[in-house]
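One structure is given below, encoded as structure tokens.
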There are 2 protein chains.
Amino acid sequence: MNVEKTAHTKRKPHAELRKTALSAAELILVEEGLGAVTARRVANETGCSVGTLYNIFGHLDGLICEVNLSTFRQMAEEASRTIRDLPESAGCEERLATLARMYLNFARTHRNRWTAVFEHRPQGPADQRIQNAEQLLFARIISAAGIDPTGANQAEADSLRMLLAAIHGVVTFAINRTIPPADAERYVTLIVQAGLRGYREMVDEGLL
Amino acid sequence: MNVEKTAHTKRKPHAELRKTALSAAELILVEEGLGAVTARRVANETGCSVGTLYNIFGHLDGLICEVNLSTFRQMAEEASRTIRDLPESAGCEERLATLARMYLNFARTHRNRWTAVFEHRPQGPADQRIQNAEQLLFARIISAAGIDPTGANQAEADSLRMLLAAIHGVVTFAINRTIPPADAERYVTLIVQAGLRGYREMVDEGLL
DNA sequence: GAGCAAAAATGAACATTGTTCAAATATGGA
DNA sequence: TCCATATTTGAACAATGTTCATTTTTGCTC
């Protein structure tokens with residue numbers, strides 16, 4: 001009843017402020033890194049007070065989680081585009097290698113944002129929405145690789161998930177151990193190829 | 001001259017305090033995580049003042065780097081032990097798989113300390129000693145795998161380095177995405193086996 | 001032992017963090 | 001116009017890393 005009564009008023013009073021605050025935070029993150037994303041700083045850039053920021057997001061962690069979620073969504077979107085543009089003729093290996101290179105490239109192009117996703121550890125349990133988004137992205141990649149993770153393919157999907165973790169490791173090293181760009185692309189591709197081939201060989205030999 | 005003159009006095013006046021401070025910091029890290037390692041906290045536990053801590057370590061980052069270095073050294077030591085105890089008959093694959101499992105196990109057993117090594121980003125460039133220790137450990141592992149990273153083996157050693165990055169990625173996921181322990185061991189082993197087999201297959205086919 | 005200069009330890013003080021909340025302000029309906 | 005409610009505000013608090021004038025200790029010389 002009162003739900004209806006207030007229906008025609010602003011449902012989300014903070015809607016616009018929320019958006020500009022997130023934009024401001026994102027800009028700071030992009031240009032100066034996670035360390036520069038500060039309550040007062042974001043408030044200044046947004047044109048509101050710290051208090052308002054807390055009214056909207058509860059904690060600064062909440063704001064940062066939201067920014068990270070946006071980063072993750074953008075990456076997922078890029079992955080979807082990559083998957084869509086994959087030639088029909090492409091095999092599993094080529095598909096995954098292309099996606100892996102896209103991942104590396106995203107991390108490179110959006111260094112600060114990508115780093116923030118893994119640097120930021122909110123106290124308390126990890127943000128559920130990011131977890132979900134990650135699971136979804138993984139599932140989409142696995143399905144794009146041509147594997148339906150049900151029944152007998154369960155094990156194969158799990159192995160693929162581990163390959164994704166491996167790719168993440170290589171990208172991490174490529175990002176913050178200053179590996180030459182050309183080499184990084186080669187190695188990211190290599191881990192996909194070697195991982196897949198080895199896995200198949202083992203399956204063929206009845207080892208798995 | 002004056003070097004000799006002061007030779008019989010304490011060369012490193014802070015030597016003992018330094019050690020107890022590091023122990024204190026390590027204990028806090030182990031029990032409560034990196035976030036709890038605070039200047040005042042360490043000072044209290046050490047039985048000195050914050051000022052003294054800063055006289056010794058310059059910055060808190062310096063202290064934490066030192067603790068991380070100690071973690072790294074302990075891991076390297078464990079790796080050396082693992083390598084030493086490897087049966088003569090063990091092949092490259094078994095050797096690497098054993099080391100990878102050791103790495104996973106170390107990360108599990110020393111969760112907070114292992115996490116701190118990668119969580120902590122000192123402002124300014126990364127600590128050179130940790131970089132060096134890492135390079136050394138990698139070199140030792142690669143040599144233990146039976147590869148001499150000179151001449152024609154250069155490429156093979158580089159690929160192996162990437163395999164190590166991949167292992168790190170899998171362990172990272174295993175640690176903070178709550179993968180069942182049994183599965184983690186299996187997957188860490190799998191990435192080694194699949195990576196190596198695939199790599200060899202590609203070499204055999206003349207693709208590398 | 002006394003005296004003294006250099007070294008070391010101290011902790012109050014400062015700047016910056018995240019966070020709170022009583023007070024001020026804006027809003028929208030009667 | 002008035003008022004209840006919702007929203008915004010920013011001073012204030014606790015905790016952080018860091019500094020540095022001051023105090024204390026040390027080790028040598030006489």
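Naming convention: chains lettered A, B, ... in sequence-line order (proteins, then strands); numbering from 1 in each chain.
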B:N132 CG to B:F72 CZ distance, which is reported to the nearest 0.5 Å: 10.5 Å
Protein-nucleotide distance (B:L53, atom CG; C:dA9, atom C1'), rounded to Å: 12 Å
Whether A:S159 side chain and A:A155 backbone form a donor-acceptor pair below 3.5 Å: yes
Between P of C:dA7 and CD1 of B:I56, the distance in whole Å: 17 Å
A:E45 with A:R41: basic N within carboxylate O range, under 4.0 Å: yes
Interatomic distance, B:F57 CZ vs D:dT19 P [rounded to whole Å]: 16 Å
Whole-Å distance separating the CD atom of A:E16 from the C1' atom of D:dT7: 14 Å
Side chains of A:R161 and B:Y187 in contact at under 4.5 Å (non-hydrogen atoms): no
Closest non-hydrogen atom pair between A:L29 and A:L34, with its separation: CD1-N, 3.4 Å
Residue pairs fulfilling ring-ring contact (aromatic ring centres under 6.0 Å, His included) with at least one residue in residues 132-154 of chain A, sequence neighbours excluded: none
Within 6.0 angstrom of B:H110 NE2, more than 12 heavy atoms from elsewhere: yes
Side-chain heavy-atom pair A:L160, A:L196 within 4.5 angstrom cut-off: yes
Strand-adjacent residues in residues 21-36 of chain B, judged by heavy atoms under 4.0 Å from DNA chain C: none
Axial bend angle, the helix from C:dG1-D:dC30 to C:dA30-D:dT1: five-pair end segments, nearest 10°: 20°
Between D:dT24 (P) and B:L17 (CG): distance, integer Å: 18 Å
Contacts of B:D183 that satisfy salt bridge (Lys or Arg N to Asp or Glu O under 4.0 Å) - sequence neighbours left out: B:R186
Approximate separation, where rounding is to 0.5 Å, of A:N68 CG and A:I130 CD1: 5.0 Å
For nucleotides 17-21 of chain C, list the nitrogen or oxygen atoms of the protein found under 3.5 Å from its nitrogen or oxygen atoms, one pair per line.
unit_1 : atom_1 : unit_2 : atom_2 : d
C:dG18 : OP2    : A:A39  : N      : 3.1
C:dG18 : N7     : A:R40  : NH1    : 2.8
C:dG18 : O6     : A:R40  : NH2    : 2.7
C:dT19 : OP2    : A:Y54  : OH     : 2.9
C:dT19 : OP2    : A:L60  : N      : 3.0
C:dT19 : O4     : A:R40  : NH2    : 3.3

Those residues that, when tested against B:T82, pass side chain to side chain donor-acceptor pair (under 3.5 Å) (two or more places apart): none
Value in whole Å for how far the P atom of D:dG17 lies from NE2 of B:H120: 11 Å
